[in-house]
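For ligands, and for the atoms within them, numbers begin at 1 and follow the listed sequence. Note that these values count all heavy atoms, side chains included, but never hydrogens, waters or copies made by symmetry.
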Amino acid sequence: MQAKTPSESVAILTDLVLPGETNPLNNLFGGELLARMDRAASIAARRHSRRITVTASVNHVAFNRAIPLGSVVTIEAKVSRTFKTSMEIYIDVWIEDRESGIKNKANEAIYTFVAVDETGRPIEVPAILPETELEKQRYDAALRRKQLSLVLAGKMKPNEATELKALFTE
Ligand SMILES: CCCCCCCCCCCCCCCC(=O)SCCNC(=O)CCNC(=O)[C@H](O)C(C)(C)COP(=O)(O)OP(=O)(O)OC[C@H]1O[C@@H](n2cnc3c(N)ncnc32)[C@H](O)[C@@H]1OP(=O)(O)O
């Protein structure tokens, strides 16, 4: 299977925040943002693997800035690292300033997707070759995040999480 670059998987969704999607503070409802990020991430995972993909876990979400009603929101998702059958998808969320058009970072999230065959069994995905400095940083830290996610899910013993242990012994 031929390796791919993160830019080959990039998925960008730009949409408005409408009244039915807000909370009582008139900001985008958190669950609505999670769903939009899941959609963008699933397209990125699909573009990388060209397989059926499912969300295996949401590893990290930071709601750093509220997103007001009427905002133009851009969600950019791309594969940051692949393992055997799983892919880490890094998602950046931007709000566009109405007057200047300048985009300011509002949130970010990290999802894990798994490619599956027609019977739902995990199947191998192409490797990834990070190109930019940011892509390389995200790639390098992804194994640590995977181990943390597996430990929290009870799928890995803490003493097997070599990358996590290294954080505390360096
Ligand atoms: C192309 C352009 C147009 C595109 C056009 C759009 C098309 C778009 C199609 C629509 C697509 C919609 C997709 C929406 C996304 C859903 O809405 S999917 C619905 C929500 N998700 C689900 O229902 C998934 C349910 N869970 C499962 O099916 C199974 O648990 C899984 C995820 C397949 C894993 O199966 P398993 O038996 O645990 O398999 P296992 O071998 O242990 O693990 C497989 C891999 O997952 C990893 N893993 C498992 N759990 C975790 C965890 N908690 N944390 C991190 N990694 C984990 C393992 O480490 C392993 O990784 P590798 O080392 O192989 O890389």
Quick one: list whatever passes side-chain hydrogen bond (donor to acceptor under 3.5 Å, both in side chains) with E76, sequence neighbours left out.
none
Heavy-atom closest pair, residues N59 and Y111
OD1-C, 3.6 Å
To check you understand the geometry: which heavy-atom pair defines the closest contact between S49 and V125, and what is its length?
CB-CG1, 3.8 Å
R81 side chain vs R138 backbone, donor-acceptor pair below 3.5 Å
no
Check whether any side-chain heavy atom of P6 sits under 4.5 Å from a side-chain heavy atom of I128, and report yes or no.
yes
List, for ligand 1, each N/O atom that has a protein N/O partner under 3.5 Å away, with both atom names and the distance.
from	atom 1	to	atom 2	distance (Å)
ligand 1	21 (N)	T55	O	2.9
ligand 1	50 (N)	K155	NZ	3.0
ligand 1	54 (N)	S57	OG	3.3
ligand 1	54 (N)	S149	OG	2.6
ligand 1	59 (O)	K146	NZ	2.8
ligand 1	61 (O)	S86	OG	3.2
ligand 1	61 (O)	K146	NZ	3.0
ligand 1	64 (O)	T85	N	3.0
ligand 1	64 (O)	T85	OG1	2.6
ligand 1	65 (O)	K84	N	2.8
ligand 1	65 (O)	T85	N	2.9
ligand 1	65 (O)	S86	N	2.9
ligand 1	65 (O)	S86	OG	2.7

I'd like to know if the side chain of Q147 reaches the main chain of R144, judged simply by a donor and an acceptor atom lying under 3.5 Å from each other, with no hydrogens or angles considered.
no
